[in-house]
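Presented below is the structure to which this report refers.
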Amino acid sequence: MAEHLSISENMIPKHILAAIAAHRRACREPMAAFFYDLPALAAHGRAMQAALPTGVELYYAIKANSEAAIIDTLAPVVDGLELSSGGEIARACACSTPRPWVLSGPGKLDSDMHDAMTRGVEAFHVESLGEVARLQAIAASLDHLQPVLLRINPALPADLSSRLRMAGTATPFGIDEAQLAEAVRAVDDASNLTLVGFHVHAMSHQTCEQRHQRLLASYLERWPRWRALARHPERVTQLNVGGGIGVNYLQPSSLQPSAQFDWSGLCQALGERLATMHEPPRVRFEIGRFLSAFCGYYAIEVLDTKVSHGEGFLVCRGGTHQFRLPAAQGHDHPVIHLPRDPERAGEGERQPWTVVGQLCTPKDVLSRGQELQGVAVGDLLVLPLAGAYGYNISHADFLCHPRPEQFFVRSAHESRELETRDQRHAEPAS
Ligand SMILES: *Cc1c(COP(=O)(O)O)cnc(C)c1O
């Protein structure tokens, strides 16, 4: 089959192509399924970890993808997990490699806070003054001394902004810098809480390494001032700088993370900056998207081709109810065409297509303007970069379609096994 691979098909690892083909053969209906490349996920996590400056930590923000196999794969290669709900606590605690974990997020339930404390949460990221009071009451009822970080919503220069802002503007997240002194005092006065640091998760979709570097520099510049607000500044040692590293979905010259955001460059600049500081904080990243996006592939089968008012449509199995990411971000997701008959690859007319799903709404668009050659009913389209905020943010029950299967491909060997199984055995690993 290799000699028929088109350039873009070459971007998909062979074991993923094999798993897709195997599932395809096992399916009685046209397919729509997710495939996750676990060895690639582990390798990417290890590479990100290896690039960190000394003393800087990497946590995985599991809301990007909290499937058990994803957490089990990343947990051994990162320093810990960042969680934001009771459900995520349950998933993290079921992980085969226990790791330290922190609890963030607005709207924490008392029961979540209680649960977190009894299950050994490392620290809370406190989002408001009200939360300080509730957390103190729960810690006191358990006779427990709880480390906390205060989440700050700092003022940000406009040029450091990205598409999705969590700070520097009115948001439900964190405590305004103007209120920080009051919040620090409230924690200092809370007998069962101890302030160990500050947390800032200001944005998402940051694709510019230079800008992110400047953003981190702006936190480090303010760090001594924030720290000086505390009654015991010597206990305030941690600066969690959040996640927010973006993925360029629009022009992926490569599906390799190394061809995208310059993570090593960011880490190196951060290391140099920390080396110049008197009493630098222990810096921690909590990354979601940039860790898990690259390992996922959403493979869908073309059900129909048609032209409407001059525009070509490929109607596919599945849709935005299974992969809401492009609709949520308003982008045209990249599409890789796998002809049903590899002999036909490179044949037929090249034309732009709008790729849609099965939903009875004009919003069910996965991609517009995709130049594809000789597409026919029964061919597969593969949407890469589908490992973060893909299936898990989707409204999968809309229109009562069945949920897509998810395959967690562990090795080239395993995908060969999958090939030989029948439908009964080719069950999703979730
Ligand atoms: C979502 C989130 C993250 C991860 O963000 P990414 O953009 O996926 O890296 C980190 N920290 C907090 C508090 C979050 O809400």
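Counting starts at 1 for both ligands and their atoms, in listed order. Bear in mind the structure is a predicted one, so any value in this text is a computation, not a measurement.
Using the six-membered ring where Trp is involved, F407 and H23 have ring planes that are tilted, between 30° and 60° apart. Using bins of under 30°, 30° to 60° and over 60° for the plane-to-plane angle, the ring pair W223/F198 lands in the perpendicular bin.
Listed by atom number, the atoms of ligand 1 under 4.0 Å from S204 heavy atoms are 7 (O). Close contacts between ligand 1 and Y389 involve ligand atoms 1 (C), 4 (C), 5 (O), 6 (P), 8 (O) [criterion: under 4.0 Å to a heavy atom]. Close approach to G244 involves these atoms of ligand 1, each under 4.0 Å from a residue heavy atom: 5 (O), 6 (P), 7 (O), 9 (O). Within the listing of ligand 1, atoms 3 (C), 4 (C), 10 (C) sit less than 4.0 angstrom from a heavy atom of A61. For ligand 1 and G243, the ligand atoms under 4.0 Å from any heavy atom of the residue are 9 (O), 10 (C). Numbered from 1 in the order shown, with element, the atoms of ligand 1 that lie under 4.0 Å from a heavy atom of G288 read 4 (C), 6 (P), 8 (O), 9 (O).
We find that D115 and R119 are joined by a salt bridge, their nearest charged nitrogen and carboxylate oxygen being less than 4.0 Å apart. Electrostatic pairing of R282 and E57 counts as a salt bridge here, judged by a charged N lying under 4.0 Å from a carboxylate O. Salt-bridge formation is detected for the pair E122/R284: a Lys NZ or Arg NE/NH1/NH2 atom is positioned less than 4.0 Å from an Asp or Glu carboxylate oxygen. Comment: R227 engages E279 in a salt bridge, judged by a side-chain N to carboxylate O separation of less than 4.0 angstrom.
Between S104 and E82, the side chains place a donor N or O and an acceptor N or O closer than 3.5 Å (distance only, hydrogens not considered).
Across E82, H201, R289, heavy-atom proximity to atom 5 (O) of ligand 1 is greatest for H201. Of the options M203, H205, K63, the smallest heavy-atom separation from atom 14 (C) of ligand 1 is shown by K63.
Between H333 and F323, the distance separating the two ring centers is shorter than 6.0 angstrom.
Counting heavy atoms under 4.0 Å from ligand 1, residue R151 touches it through the side chain alone. Neither the backbone nor the side chain of A64 comes within 4.0 Å of ligand 1, counting heavy atoms alone. Contacts between F173 and ligand 1 below 4.0 angstrom, taking non-hydrogen atoms only, are absent altogether.
Between E286 and ligand 1, an N or O atom pair is found at a separation short of 3.5 Å.
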